[in-house]
Amino acid sequence: MKTQQHPHSAPDSTGSEPTMPSAEQSLLSRVIAPEQPSGQGISRYTLYSEAPSERDPEFVHIEDIPSRARLFNWEINVHTHPNMFQVVFVQSGQVRILIDGREETRYGPVMISVPPGVVHGFEFEREATVGWVITVSQLLMMDDQLSRQFAFSQPLLEKPNITSLPQDQQLEFINQTVAQLEHEYHSDAVGKQSMFVWLLFSLLTRLGRVIQQIPDSAPQDLHTERFRRLNQLIDEHYRQHHPVEFYADLLLTTPASLSRTCKQVAGKNITDLIYDRMILEAQRLLIYSSVPVSLIGYELGFNDPAYFSRFFRRRVGLSPSEFREQRERK
């Protein structure tokens with residue numbers, strides 16, 4: 001399995017954006033494939049081989065594995081999905097999995113959960129693999145009612161997971177739910193996105209119950225665990241616009257070391273992770289509430305509405321008002 005080698009720079013964090021010091025700015029130098037030369041980035045897609053669609057915060061998609069895998073000789077090179085959560089369900093057939101720095105070979109039925117930004121790739125058994133890939137925007141996965149009540153956030157939403165499924169009633173439910181997801185995706189019924197996300201949470205709850213019965217024998221990689229804790233801290237404090245040193249101190253490390261963790265796990269610098277979280281919350285409020293743009297800016301720690309609008313446009317390509325109008329037209 002080869003590594004996609006498309007160099008890309010981290011987004012510019014100067015100019016009108018909040019001043020937030022960041023440690024080293026070098027590109028990701030080490031990922032899954034050992035032969036990857038340093039200084040090369042990981043390809044970023046919404047769907048494999050398609051350009052990122054980060055401006056669609058309500059993205060949902062499901063497709064069968066063979067329809068895309070055949071196009072690439074059944075080999076999906078390592079890549080990431082910024083701001084997208086993905087579930088790969090291999091119902092039957094063999095799959096070689098490269099994810100988050102480790103490699104495993106499994107036989108279906110097996111399910112792989114891939115949180116946003118996690119580097120992953122697959123090699124599927126040719127003309128023998130049956131399965132589906134489900135992709136949902138990170139914003140939709142943040143539904144307040146669903147995510148707050150979801151019991152398996154840590155093993156499924158915050159870190160990648162590979163789970164072989166037993167041949168029992170749980171698997172029967174999972175098969176039926178995936179079929180419902182595919183039906184919902186191809187329908188034009190009212191509430192399609194909400195139903196899709198509800199079905200996905202139902203699927204993940206069943207998967208979480210399976211995982212609960214499996215002893216956790218694999219030790220957590222230092223960088224993966226630190227990155228998980230960093231994201232938790234960002235969720236708690238991003239509205240305060242703290243500098244990188246604040247997060248490094250809480251994690252008992254240095255800004256340079258924390259920066260290396262972010263580059264290795266997500267291919268981004270810490271500042272971009274914080275900005276991404278701000279934008280995600282801004283988009284959620286713009287779509288799902290009627291709160292004025294100026295108050296959304298205050299909610300996110302911006303004292304100047306014009307400053308917030310410039311920050312939003314710089315990251316999204318539209319002003320907050322234009323973004324809200326675009327979503328309302330859909």
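Numbers for residues simply follow the sequence, beginning at 1. The model shown is predicted, which means the values in this text are computed figures rather than measured ones.
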Quiz item: Does a side-chain heavy-atom distance below 4.5 Å link Met84 with Ser137?
Solution: yes

Self-check item: Tyr247 and Leu230, any side-chain heavy atoms less than 4.5 Å apart
Solution: yes

Quiz item: Side chains of Leu204 and Phe85: does their closest heavy-atom pair fall under 4.5 Å?
Solution: yes

Practice problem: Would you confirm whether Thr205, through its side chain, and Phe201, through its main-chain N or O, come within 3.5 Å as a donor-acceptor pair? | Solution: yes

Quiz item: Is there a side-chain contact between Ile274 and Met278, using heavy atoms and a 4.5 Å cut-off?
Solution: yes

Self-check item: Ser257 vs Arg226 side-chain heavy atoms within contact, under 4.5 Å
Solution: yes

Quiz item: How close do Arg277 and Asp235 get, heavy atom to heavy atom, and via which atoms?
Solution: NE-OD1, 2.5 Å

Quiz prompt | Over all atoms of both residues, closest heavy-atom pair of Pro320 and Phe312 | solution = N-CD2, 3.6 Å

Self-check item: Verdict with reasoning, Glu125 to Arg96, per salt bridge (Lys or Arg N to Asp or Glu O under 4.0 Å)
Solution: CA-CA 8 Å; Glu125 186 176 359; Arg96 184 163 70 98; over 6 Å; no

Quiz item: Are Gln180 and His183 side-chain neighbours, meaning at least one heavy-atom pair lies under 4.5 Å?
Solution: no

Quiz prompt | Worked check of side-chain contact (heavy atoms from CB on, under 4.5 Å) between Val178 and Gln91 | solution = CA-CA 10 Å; Val178 170; Gln91 191 178 62; over 6 Å; no

Practice problem: Would you mind checking if Asp64 and Arg70 are paired as a salt bridge, meaning a charged N to carboxylate O distance below 4.0 Å? | Solution: no

Quiz item: Is a donor on one side and an acceptor on the other found under 3.5 Å between the side chain of Arg324 and the backbone of Leu286?
Solution: yes

Self-check item: Side-chain donor or acceptor of Lys192 paired with backbone N/O of Tyr185 under 3.5 Å
Solution: yes

Quiz item: Is there a donor-acceptor pair under 3.5 Å between the side chain of Ser259 and the backbone N or O of Ala256?
Solution: no

Quiz item: Are the side chain of Asn73 and the backbone N or O of Glu75 linked by a donor-acceptor pair below 3.5 Å?
Solution: no

Quiz item: Of the non-hydrogen atoms in Arg106 and Ser164, which two are nearest, and what is the gap between them?
Solution: NH1-OG, 2.8 Å

Quiz item: For the residue pair Ile296 and Val291, what are the closest heavy atoms and their distance?
Solution: CD1-O, 3.6 Å

Quiz item: Which heavy-atom pair separates Phe196 from Leu181 by the least distance, and what is that distance?
Solution: O-CD2, 3.3 Å

Quiz item: Under 30°, 30 to 60°, or over 60°: which ring-plane class applies to His242 and His237, parallel, tilted or perpendicular?
Solution: perpendicular

Quiz item: Which pair of non-hydrogen atoms, one from Pro255 and one from Val244, has the smallest distance, and what is that distance?
Solution: CB-CG1, 4.0 Å

Quiz item: Does the side chain of Phe246 come within less than 4.5 Å of Gln240's, by heavy atoms?
Solution: no

Quiz item: Just wondering, more than 12 heavy atoms not from Gln169 lying within 6.0 Å of its CD?
Solution: no

Quiz prompt | Pairwise side-chain contact, Ile97 with His120, heavy-atom cut-off 4.5 Å (strictly under) | solution = no

Quiz item: Parallel under 30°, tilted from 30 to 60°, perpendicular over 60°: which one fits the rings of Phe302 and Phe308?
Solution: tilted

